[in-house]
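These values consider heavy atoms only, across backbone and side chains, with no hydrogens, waters or symmetry-generated copies.
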Amino acid sequence: MLDFAEDFLDCDCQSNPHCGHPEEKFVSYLLDLRAQGLGPEAIVDVMSDDYLVYAYPGDVLSFLDDGIRTLEAAEQLADVDGQQEQAGAIRRRRKNLSG
Ligand SMILES: [Zn+2]
């Protein structure tokens with residue numbers, strides 16, 4: 001079993017845990033599982049195996065939707081900003097997630 005606090009709440013920011021990094025790390029953990037092809041219910045299974053935390057598959061699904069929307073926004077920003085390489089990397093990541 002992995003340690004939830006150690007993996008997600010370990011940053012050195014003064015404002016930790018209100019700095020936003022714990023959420024970012026947790027979202028990226030979920031997005032990685034999704035990118036491996038897991039559906040919401042399988043993600044909940046892995047999550048409870050790894051960390052003994054439980055979430056509703058519906059919550060995970062809306063979490064992932066939010067994540068994908070965040071990536072879309074980041075991609076558009078990078079496009080507007082002329083950062084083609086970064087936009088491309090984000091686009092690939094997003095395509096992985098949308099399955
Ligand atoms: Zn932080």
Show every donor-acceptor pair shorter than 3.5 Å between a side-chain atom in residues 79-88 and any protein atom, with sequence neighbours excluded, or say none if there are none.
| residue | atom | partner | partner atom | Å |
| --- | --- | --- | --- | --- |
| Asp79 | OD2 | Arg91 | NH2 | 3.3 |
| Asp81 | OD2 | Gln83 | NE2 | 2.7 |

- Query: If you group Ile, Leu, Val, Met, Phe, Trp and Tyr by side-chain heavy-atom gaps below 4.5 Å, do Val46 and Leu61 land in one group?
  - Reply: no
- Minimum heavy-atom distance Pro40-Pro57, with the two atoms named: CB-O, 3.6 Å
- Message: Which heavy atom of Cys11 sits nearest to which heavy atom of Asn16, and what is that distance?
- Response: O-ND2, 2.9 Å
- Task: Of all the heavy-atom pairs spanning Ile90 and Leu71, show the shortest one and how long it is.
- Result: CG2-O, 3.3 Å
- Item | Neighbour count >12 (heavy atoms, 6.0 Å) for atom CD, Glu41 | no
- Message: Tell me whether the rings of Tyr54 and Tyr56 are parallel (<30°), tilted (30 to 60°) or perpendicular (>60°).
- Response: perpendicular
- Task: Is it possible for you to say whether Ile68 and Val27 belong to one hydrophobic cluster, with membership spreading through side-chain heavy-atom contacts below 4.5 Å?
- Result: yes
- The residue among Leu52, Val53, Leu38 that forms side-chain contact (heavy atoms from CB on, under 4.5 Å) with Met47 is Val53
- Note on the structure: In short, Pro22 meets Leu9 closest at the heavy-atom pair CB-CD2, 3.7 Å
- Query: In Å, rounded to the nearest 0.5 Å, how long is the span from CG of Asp32 to CD1 of Ile43?
  - Reply: 10.0 Å
- Note on the structure: Taken to the nearest 0.5 Å, the spacing of Arg69 CZ from Arg94 CZ works out to 12.0 Å
- The reported gap from CG in Asp12 to NE2 in His21 (rounded to nearest 0.5 angstrom) is 10.5 Å
- Query: Does Tyr51 belong to the same Ile/Leu/Val/Met/Phe/Trp/Tyr cluster as Val60, with side-chain heavy atoms less than 4.5 Å apart forming each link?
  - Reply: yes
- Test log, rule side-chain hydrogen bond (donor to acceptor under 3.5 Å, both in side chains), inputs Tyr29 and Asp50: CA-CA 11 Å; Tyr29 164 76; Asp50 280 355; 2.9 Å; yes
- Quick one: CG on Asp3 to CG on Asp10, what's the gap to the nearest 0.5 Å? 9.5 Å
